[in-house]
Amino acid sequence: MAVSYVVSAKKSTCIVQGAVGNFTDGEDLNLIMGLVNRLDIYLVTNEGLRIIAEVPIFGKIVCMKIFRPKGEKSDSIVILTEKHHVAIIGWDAEKKCVVTRAAGNVADRVGRVSDHGTVLTIHSSGLIGIRIYDGTFKIIQWLVGSTDLKCYNVRFEDLHAVDIAFLDSAVDIFHISYIVNDANGRHLKIVELNMIDKELKPFSKQENIENEASTLIPVPSPCGGVIVIGQESILYKADDKTNPAVVPMSSPLLNQTTFTCFCQLDKSGERFLLADDHGRLLMLLLEIVEKMDGGASVCGMRLEFLGETSIAECITYLDNGVVFIGSRMGDSQLIRLETTPISSDGTFVKILETFPNIGPIRDMVSVDCDGQAQLVTCSGAFKEGSLRVIRNGIGIQEKADVDLPDVVGMYPLRFNSAFDNHLLVSNKTESHLLRLDGEEIEDVDLPGFDFKKRTVHGGGLFSPEAAVLLQVTQSEVLLMRQGSETKKWTAPGDSPYISKAVANNRFGQVVVCDRASLYYLKCSYEEASGELSIDLIKQINMPNEIACIDISNRKDDSNSEAEFIFVGLWISISVVGLSLPDLSQFMEVDLPSKILPRSLIATNIEGVFYLLVAMGDGILLYYRIDPTTGTLGEVKKASIGMRPPHLQRVSSGGKNHIFVCSDRPMIIFSSNQKLILSNVNVKVVHAVCSIQSSFYKDCLIYSDGKSMLIGMVDDIQKIHIRTIPLNESPRRIAYQKSSGTYAILSSREEGPFASQRLPASRSALETSFSKAKSHRTDTGMDANQQSQDVHSVLILDQNNFQVLHCHELGQNEHPLSIVSSTLGDDPTTYYVVGIALVYADENEAKTGRIIVFEVDLEDRTKLRKVHERDVKGAPYSMDVMNGKLVAGINSSVRLFEWSFDKELKLECSHFNNISALYVKTKGDQILVGDLMRSIQLLNYKSREGTFEELAKDWRAMWMMGVEFITADHVIGAESSGNLFTCELDKTKPESDGGRYKLVPNGFYYLGEGLNVFRRGSLVPMPSDALLEYDNSLLFGTSEGTVGIIVQFPAKYKEFLEAVQNAIAEVQNNCMRIEHSVYRQFAVNKWNEPASGFIDGDLIESLLDMRKEKALEVCKKLVGKYEGFDDPEDIIKAVEDLARLH
Amino acid sequence: KCPEPKAISSTYTNIARRFANRDLLKNPYRTLSTAQDERYVFSRFRPVTTLNDHEETYTACSFSIDDVHMIVGMYSGDVHWINIETQEDEATTHAHHSAITEVHPSTDGSMLLTSSAFMRPLSALWRLGESAELLAHFPDDSCIRFSNLGTEKILGTENGKATVYDTETLKILNVYAPATWKIPRYTKNFASFSPCDSMIFNDGYLWDIRSSTKPLFMFDKLNSTQCGVFHPNGNEVIINTEVWDVRTHRLLRSVPALDSCRLKFNSTGNIMYASHLGEVDDNSLGKEHMTWFKTFDTSDYSVITTMNLRRRVYDICCDHSDKYMAVIEQTRSSANDFIHHEDSQVRIIEVGKRKDAEDAEGDEEEEVEDGN
């Protein structure tokens, strides 16, 4: 039985919790971001935010709050997870890591989980209150120093508390305010917690507050009291029995406003920031009067509009007007609140930094783009809606281009300047010298250079001040300097032909190759006399002609003298290492290939010395090597393109990398002492060099054969994400190769709250409309809404993502599904869109329609409606099987045939679902995910033209997605954040009708809301993978994780489980729970131990450990599994796993 | 006019719209959206099969723990195992000498409890294997139940007295009965464990399982028949039409529709079935009355749907994976001066599907209609 390996390729970026405090030290200001299952701890510095630690949490974080334990100088964090584990976390300043100070579980056996969500509130004394279940409030009393959490329940008089907050009162008085929801409306109550009787005693109340009042903001002393936030009004109530001041407030800024979060701006509590679900940032100011007795009271409130930000999920005020806006729907932001408006529309918000977020991923499509997989996701919603193009690789941002074709070599020169100001460029027959003058690039002529020949190597020698230039052409070596006599050196022989040359520019060491002869030259320059000279130090003949050469030293540092050269040879297909200056051979290796080596580099990355050899067939071989002894490690292979590649050292962001010039350009870098080959998002590169000019700083110049381009490399990251803002909510996406377009189902909000940003559907080049056929007026409650959703089908260009066409749907038409496919024998590729007619007074869609669109290939702004047919319900999901359309429509699965006259004809139906939400096809099989009835497999019998129920899973599972792993091994995601797999057991039919059972064989708690499964992968399996896998799937979640699930054959199962368990044992685990408890499948009260799945994120954490610790973990496993006899083998295997993404 | 509050997408009434928006929701809205979906599922019922044995009268039913079998009790005191899929009668045990009133399989599926109407022994414990093996008789207990978190205890009810037995040794662990009866007892009294087995509710009295000397509380007696049950979430007891808070002992709400109903809960406890049960030997009720079952949302005790059955109901039960529920309904009664004979059938009803949901073109599963 294969085992599923689950790993996140792109970890969640949705920020759900944020806090600021002095966590790492009493002096440090820290920003702590709570993401789905980790904490990111930042240090706030003058330069910006600096990440200090990324702390994995075993669980989905529901609440996170920061507080100051009694008598301590720094803050601690309390975390509550979805499975009701609580931990108090502090910082160990010595070890520089987090420590769990106390932990426990606060789940109750009985109780109804509140509809108003889990609330965690902390009293200024450090007393923690948690409400999970209706009517009970859990008090956690944590004594600093104790590792256990003591807790007890107190009862609320009222069952349904909307929000609960401790008030800031005197040390021994615990006042709790809460909003009650009962049949008569909502009321504010303040109760006093009696710590001895463990009871809540009524203190004061304010009846009939606003019906939508939802949030409580406690006001700090000396005012005290609480602010109640509603949709239409804000209210302040003092925490004082004698003078129960109530200050109401309404404002034109409040109009059906749903506030999402708040934060206190200053310690005195006079100002608060509020953010609503439209991304408006408001400031609430309290007017405070001081009382005779030294106290203070609130006498009024004001609300001011500050500006627009991302839709905030949490706001935290850092310092000096800088605010962090954590967002779930869009990118998070670091903003500064200016004292004066920065634009005419009165906004005070200046965006300092943006933190990209690809969640929530509602749909995605995997597209093969120039031989490399790219993923396009529907991310975010409302004004934050966007498409994100995800590629595994590195981006180059183009800055300029120079029209110069066929360039094969480029060499930057420094000529009396601290920057590269010239560039020696060569094509196959001649050379050019370009001057970089600011932004301008011009062709110049300098005496001494030979421009009529191809340049094999060039450079400025010694130092920029010396201004000595070197040009190696195919026939001679030229050394020149203004004011000095140009020196030439020619290889001896009748027809010298210099094929390769390398140099250490700083020390004037030049090595040239003439067929099988190797010449080591030393250039020198006498400053006093200005005399140049070239001396031949040593010459040897190699047994075969030289194919490639590299010069280097132990540190691969161009500022130190070169110590050795490596030479790749023809015929023998080998690499020889020669030490300088005597050219004595210290190593030789036969390459495991029959193809000629084309390019090689010997380099030191992250302290590890590598020999990389690129072969003519596009295979990269690499070894770890000890350059002093010449001992080689094991060879590793990677595919780097289809044509002969060329390796080139480049630098970017102060780090050295290797650039692979080929038809699949790559950058090779190292992370955790592991080589990573990362694709670069340009099509083809013939030659490349890095350049550091006064204008183009830290740039690369590369040639694609047609022209030379100057670009900047994005920060080295494994996953490259490009954002295409849509400013509306994309829901479904499909890709059509034939027309080069994407189609998106999207909706925008129209009404008084609409954002200033232009929604994509309004920017379309062409538009068309459809009207619902039945002109039924909607009398439901949605008609009262001030804002209206407008749904549309958008056609976008695949390259520039311009909206070519927008087809706007009628008022009650809700598009639910889309596929792109050919149908029947018709050669045209169509977009098929499934639409439900939704009326608010019905509890399900009774009718819907399927529309077939065709994009005009000549003028792609034209979208033609080819066919439209009504269906009896909502087409939740569609897929194509052998040219026939499969649709899940309400409770049925239906198969439509594309007839000769281009119409969809119903062929057969199957009615055994509650709601067939997800359909996927493979061969003749259809996998159906039901609203509640888990999954079932249908078989299409083409001869009879009917569906047959092949197998089903009998459990009640509320599905969120399904996918085939193989034809009889399927995976499903259910609504409590769990994954499960089932296998078709064909050994025994369950009934006489030949129906089989889907046997559950995998259980796993993912802890995220999975929205989409796609077959495919981000990177192809490396040819030298230690552990082979297959059937790769991708998934996207509401929390913004892009994950991969691959299947490892059964023989690795035990090994992988052992590795997982060994790491789980030592992994620093904040929640102090077992990994198995964390990953345990849990739905309501049904628990099932995790099985059949391997937690890839945990396994890969081995690579983040200190090497000694990692080895120690692996030692325990040595010898038990075949092929893993050394701890290093296990680490290698894990490194291999990490290459999945 | 007051401004309308802005709707949150989880509150959309239309399931297609909820489906389109649920991927954006976070908790608690996601849970609320699922709760709405659950209401939707439990608003739709479709009868699929009828079990009918014209020589016998069905009086009690329960699904086996794996939901493969229907365990039915007969008027004759027999208990039958009927495969739901094939409708084959796979096993029979003559359990009692009078009509079976209750059958309860244990949660691990290894044991079964049966109770009967009037001939002693009234109740029995069986071990399930190839065939049912009698483990013990509880002669005087009219009704017995397993504890909720395991099968180690059995709670028996004898009139107003609740007895807790150890399942292994069958020893009496404790007896819970008030010292003196102040008011008439409920006519239909079934003692029950609280969901976490820490309390016992019997005849209006709430007991702490650790102390049999004094009840914790006695709820006001507002009816004379229905003694009430615990809500599976553990914080409420439902006594006829009244819902009480177990902790504060306060009346939470009154639900007139629950009057004289038997209550069953689905697997999550969020949905409650209620039906007014007729007695096999009771002719007092006219046929036209109370021939329905309703589903309730237990978060607010609102009626989700009413399923009219046209016939009197003897028992209702629901399975463990929320796929089916079943009712025993009266088909015909024949009476002469000497013998009163009732005939009944078990109607298995599928949850989440509607009769009219299918097209005529693909109506594969034939609707089973009754004989007369």
Side-chain angles (χ1 to χ4, degrees), chain A residues 16 62 109-117 134-135 155 157 159 211-212 231-232 255-256 258 328 360 362 381 731 780-782 784-785 814 816 836 838-845 872 874 876 890-892 908-911 914-915 917 931-933 954-956 958 975 991 1009 1011 1038 1084, chain B residues 2-8 12-17 19-20 22-32 34-35 37-38 40-41 43-44 67 85-86 149 194-196 198 231 233-235 245 247-248 252 267-269 298-299 321-323 351-354 357-359 361-365:
Chain A
V16 288
V62 174
R109 272 275 173 72
V110 294
R112 188 175 178 279
V113 174
S114 175
D115 286 346
H116 298 286
D134 273 335
R155 267 202 300 271
E157 280 289 286
L159 278 181
N211 253 339
E212 295 302 314
Q231 283 191 0
E232 306 288 335
N255 183 0
Q256 288 197 353
T258 307
R328 193 170 66 89
R362 305 177 79 184
R731 244 190 64 66
M781 64 171 216
D782 290 18
N784 292 329
Q785 298 275 305
H814 284 241
L816 295 177
V838 172
Y839 299 99
D841 56 350
E842 294 175 348
N843 69 354
E844 62 179 345
K872 289 177 180 171
Y876 289 115
N890 279 14
S891 61
S892 63
C908 57
S909 309
H910 184 260
F911 305 89
I914 295 172
S915 298
L917 298 185
L931 174 70
M932 185 187 94
R933 292 280 172 74
W954 284 89
R955 299 166 299 178
W958 298 80
S975 66
S991 69
N1011 290 330
S1038 283
N1084 293 325
Chain B
C2 286
E4 287 286 331
K6 191 162 63 175
I8 298 162
Y12 291 136
T13 42
N14 195 303
I15 185 169
R17 192 149 185 209
F19 170 74
R22 66 177 184 175
D23 41 16
L24 285 178
L25 299 176
K26 61 164 186 171
N27 271 336
Y29 305 114
R30 208 170 179 133
T31 321
L32 289 176
T34 313
D37 291 346
E38 197 169 352
Y40 169 81
V41 170
S43 70
R44 297 148 59 95
D67 295 334
E85 191 85 358
T86 63
L149 298 178
S194 70
C196 58
S198 62
H231 183 291
N233 76 20
N235 288 337
D245 191 315
R247 302 165 301 174
T248 59
L252 293 174
S267 70
T268 60
T298 61
S299 66
S321 55
D322 295 336
K323 192 170 166 60
V351 178
K353 290 188 196 163
R354 207 143 55 195
E358 299 177 10
D359 286 355
E361 50 186 318
D363 212 336
E364 291 170 344
E365 280 175 72

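Here is the naming used below: chain letters follow the sequence lines, and residue numbers restart at 1 for every chain. The basis for the numbers below is simple: all heavy atoms, side chains too, and nothing from hydrogens, waters or symmetry mates.
- Atom CD of Glu38(B) sits about 9.5 Å away from atom OG of Ser975(A), to the nearest 0.5 Å.
- Looking at Asn211(A), there are no atoms closer than 4.5 Å to chain B (heavy atoms on both sides), in backbone or side chain.
- Neither the backbone nor the side chain of Ser194(B) comes within less than 4.5 Å of any heavy atom of chain A.
- Both the backbone and the side chain of Ala845(A) come within less than 4.5 Å of a heavy atom in chain B.
- Per-residue counts of heavy-atom pairs under 4.5 Å with chain A were compared for Thr248(B), Val41(B), Thr31(B); the largest is that of Val41(B).
- Distance check: Arg933(A) CZ to Lys353(B) NZ gives 5.5 Å after rounding to the nearest 0.5 Å.
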- Item | Steps toward side chain to side chain contact (heavy atoms under 4.5 Å, CB included) verdict (Asp37(B), Ile15(B)) | CA-CA 7 Å; Asp37(B) 291 346; Ile15(B) 185 169; 4.0 Å; yes
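- In this structure, chain B has heavy atoms under 4.5 Å from both the backbone and the side chain of Asp115(A).
- With a threshold of 4.5 angstrom between heavy atoms, Asn890(A) does not approach chain B through any atom at all.
- Ranked by heavy-atom pairs under 4.5 Å with chain A, the first of Leu24(B), Val351(B), Thr34(B), Asp322(B) is Leu24(B).
- Of the atoms belonging to Ser892(A), not a single heavy atom falls under 4.5 Å from chain B.
- Proximity to chain B is limited to the side chain of Leu159(A), based on heavy atoms less than 4.5 angstrom apart.
- With a 4.5 Å cut-off on non-hydrogen atoms, Tyr40(B) touches chain A through its side chain but not through its backbone.
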- Task: Could you go through the side chain to side chain contact (heavy atoms under 4.5 Å, CB included) check for Asn235(B) and Arg112(A) one step at a time?
- Result: CA-CA 8 Å; Asn235(B) 288 337; Arg112(A) 188 175 178 279; 5.6 Å; no
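- Residue contact with chain B, scored on non-hydrogen atoms closer than 4.5 Å, involves the backbone and the side chain of Arg362(A) alike.
- Taken from CG in Asp245(B) to NE2 in His231(B), the straight-line distance is 12.0 Å, to the nearest 0.5 Å.
- Only the side chain of Asn27(B) comes within contact range of chain A, with heavy atoms under 4.5 Å apart.
- Here Gly135(A) is the residue among Gly135(A), Cys908(A), Ala836(A), Ser114(A) with the most heavy-atom pairs under 4.5 Å with chain B.
- Contact annotation for Arg109(A): only side-chain heavy atoms (C-beta onward) come within less than 4.5 Å of a heavy atom of chain B.
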- Item | Full working for side chain to side chain donor-acceptor pair (under 3.5 Å) between Arg30(B) and Ser1038(A) | CA-CA 11 Å; Arg30(B) 208 170 179 133; Ser1038(A) 283; 3.1 Å; yes
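- Side chain of Arg22(B) to main chain of Arg17(B): no donor-acceptor pair is present (N/O by atom type, distance under 3.5 Å, no hydrogens or angles).
- Using a 4.0 Å cut-off between charged side-chain N and carboxylate O, Asp23(B) and Arg731(A) make a salt bridge.
- No other option in Leu917(A), Val62(A), Leu816(A) has as many heavy-atom pairs under 4.5 Å with chain B as Leu917(A).
- Contact annotation for Ala874(A): only side-chain heavy atoms (C-beta onward) come within less than 4.5 Å of a heavy atom of chain B.
- At distances below 3.5 Å, at least one donor-acceptor pair connects side-chain atoms of Glu232(A) with backbone N or O atoms of Gln256(A).
- Neither the backbone nor the side chain of Asp67(B) comes within contact range of chain A, judged by heavy atoms closer than 4.5 Å.
- One N or O on the side chain of Asn14(B) and one on the backbone of Glu842(A) form a donor-acceptor pair closer than 3.5 Å.
- Top candidate by heavy-atom pairs under 4.5 Å with chain B, chosen from His116(A), Glu844(A), His814(A), is Glu844(A).
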- Message: Before you tell me yes or no, could you show the steps for Leu149(B) and Cys196(B) under side chain to side chain contact (heavy atoms under 4.5 Å, CB included), namely the whole-Å CA-CA distance, both residues' side-chain angles and the distance that decides it to 0.1 Å?
- Response: CA-CA 6 Å; Leu149(B) 298 178; Cys196(B) 58; 4.3 Å; yes
